[in-house]
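First comes the structure, then the notes that go with it.
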Amino acid sequence: MDLSTTYMGLRLPHPFMPGASPLVDDLDTVKRLEDAGAAAIVMHSLFEEQIAREQISTFLHTEIHGESFAEALSYFPSPEHFALGPEEYLEHLGRVKAAVRVPVIASLNGTTLGGWLDYARHMQQAGADGLELNLYMLATDPEESGADIEERCARIVRELKRTLHIPVAVKLSPFYTSMAHVASRFDTAGADALVLFNRFYQPDIDPEELQVTRALRLSDSSELPLRLRWLAVLSGRISASLAVSGGVHTAADAVKAIMTGAHAVQMVSALLRNGPGHLKAVRAETEAWMEAHEYESLAQMRGSMNLLACPDPHVYERANYMLMLQSWRDR
Ligand SMILES: Cc1cc2nc3c(=O)[nH]c(=O)nc-3n(C[C@H](O)[C@H](O)[C@H](O)COP(=O)(O)O)c2cc1C
């Protein structure tokens with residue numbers, strides 16, 4: 001069975017890889033992921049705030065510092081919140097790269113144009129074969145329009161494409177006003193791939209303690225359909241390749257993501273729960289499923305359930321919506 005795929009310009013033997021996560025913090029786990037057949041290794045993110053904090057700290061040590069800088073610094077998470085600081089991240093990236101033969105994709109996580117983006121070049125120098133840019137943000141500024149946010153993000157992508165020779169994937173949130181338009185803008189800006197989607201971690205509040213509570217809940221397959229919808233809409237309509245991230249736990253999930261258009265299948269929660277060997281199992285079960293259904297290659301199956309042939313996805317979505325509501329009566 002030919003499971004080969006091209007994702008963000010990288011030719012891979014199959015689409016399965018770990019998504020950005022702490023799985024890569026430990027070299028033994030990285031080796032176990034490679035042994036389980038991971039097609040690539042995606043590093044966890046280096047955050048804009050970490051880099052900015054370090055840059056401000058350097059400034060404070062070298063310049064006469066005003067109180068406003070010290071105050072700005074106090075908003076950032078302190079270094080002990082992160083497994084690796086910016087320089088350690090680059091060193092670890094070099095170690096991961098030396099330890100495995102598969103491509104290593106570094107991850108930068110931030111939302112503004114600024115000096116922190118220089119780290120993309122450092123990542124490239126440290127051996128990264130690709131860069132995943134995570135644009136995780138919540139639009140809280142009443143003065144900033146959707147169009148302004150999109151332009152800011154597209155400029156970041158253009159800037160990275162201008163300065164790097166390695167491919168760039170953009171990890172998106174599903175909450176843009178016009179998802180298809182945003183995807184097309186990043187495509188035009190030069191993104192080699194889009195990763196669908198970031199998970200939004202929703203903090204709760206503790207009314208007794210008057211505190212915000214954070215609990216990181218791993219995903220399950222119920223998070224997949226949101227990704228399937230947008231894979232199906234975007235597949236074949238943009239030249240960037242597509243990765244699914246979120247809700248892939250089983251071979252059935254992987255088959256659905258590929259049928260709707262995924263070139264790469266990223267898993268995190270499933271690997272954190274079941275260990276790196278789960279990647280091998282999902283890959284083997286996907287292959288067995290494809291054989292049983294007489295597919296000859298991944299390319300043949302990919303996008304077979306996309307909406308490219310649908311003249312008007314908007315009308316189709318409305319129809320689905322109405323049918324879904326009516327189906328309650330037919331239970
Ligand atoms: C513990 C943990 C750490 C994560 N760290 C990162 C990160 O550093 N950068 C990033 O882009 N995504 C990060 N993610 C998000 C995952 O890459 C992925 O998008 C998300 O978990 C959805 O995929 P899943 O359903 O397979 O878990 C993290 C997820 C978990 C559970």
Side-chain angles (χ1 to χ4, degrees), residues 7-8 15-26 29-30 33 36 38 40-51 77 81-86 88-89 92-93 96 104-111 116 119-120 123 128 130-138 153 156 160 168-175 191 193-203 214-228 230-231 242-254 256-257 262 264-276 278-279 281-283 286:
Y7 170 60
M8 61 189 299
F16 298 99
M17 63 185 72
S21 79
L23 280 162
V24 292
D25 289 354
D26 164 52
T29 312
V30 172
L33 286 163
I41 300 291
V42 186
M43 302 273 297
H44 71 73
S45 297
L46 181 59
F47 296 88
E48 174 181 355
E49 291 79 352
Q50 280 180 278
I51 301 167
H81 284 100
F82 301 98
L84 302 170
E88 293 161 325
Y89 187 99
H92 189 61
L93 168 58
V96 171
V104 177
I105 300 168
S107 167
L108 259 186
N109 198 316
T111 61
W116 69 283
Y119 263 80
M123 288 169 162
L131 178 77
E132 194 175 278
L133 169 71
N134 187 329
L135 291 170
Y136 187 107
M137 73 162 292
L138 208 58
C153 293
I156 297 175
L160 287 176
V168 176
V170 182
K171 190 166 181 177
L172 299 173
S173 96
F175 299 128
L194 301 181
V195 184
L196 312 182
F197 285 120
N198 261 317
R199 268 180 99 209
F200 262 81
Y201 298 101
Q202 320 256 25
R214 302 179 195 93
L216 199 158
R217 195 181 49 78
L218 295 179
S219 75
D220 56 45
S221 300
S222 67
E223 297 194 19
L224 186 63
L226 175 72
R227 277 87 184 162
L228 298 180
W230 288 109
L231 284 166
L242 298 167
V244 62
S245 174
V248 177
H249 288 256
T250 65
D253 296 335
K256 291 180 198 174
V265 176
Q266 298 188 350
M267 285 184 280
V268 171
S269 294
L271 301 183
L272 287 172
R273 210 173 263 141
N274 305 303
H278 190 65
L279 190 139
V282 172
R283 176 188 158 184
T286 303

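All values below come from the heavy atoms of this structure, side chains included, with hydrogens, waters and symmetry mates left out. First listed ligand is number 1; within each ligand, the first listed atom is number 1. In this text, all values refer to a predicted model and were calculated from it rather than measured experimentally. Residue numbers start at 1 and run along the sequence shown.
Contacts of Tyr201 classified as ring-ring contact (aromatic ring centres under 6.0 Å, His included), with partners at least two apart in sequence or in another chain: none. Residues forming a ring-ring contact (aromatic ring centres under 6.0 Å, His included) with Phe16 (at least two apart in sequence, or on another chain): His14. Take Arg199 and apply the salt bridge (charged side-chain N to carboxylate O under 4.0 Å, His left out) test, not counting sequence neighbours, and it matches Glu223.
Heavy atoms only, all atoms of each residue included: Pro18 and Leu23 are closest at CB-CD1, 4.4 Å. Annotation for Arg227 and Phe197: closest pair NH2-O, 3.4 Å, computed over non-hydrogen atoms.
Expressed to the nearest 0.5 Å, how far CG of Leu93 lies from OG of Ser107 amounts to 11.0 Å.
Sorted by chain and number, the residues within 4.0 Å of ligand 1 by heavy atom are Ala20, Ser21, Pro22, His44, Ser45, Asn134, Lys171, Arg199, Tyr201, Leu216, Leu218, Ser219, Ser245, Gly246, Gly247, Met267, Val268, Ser269, Leu272.
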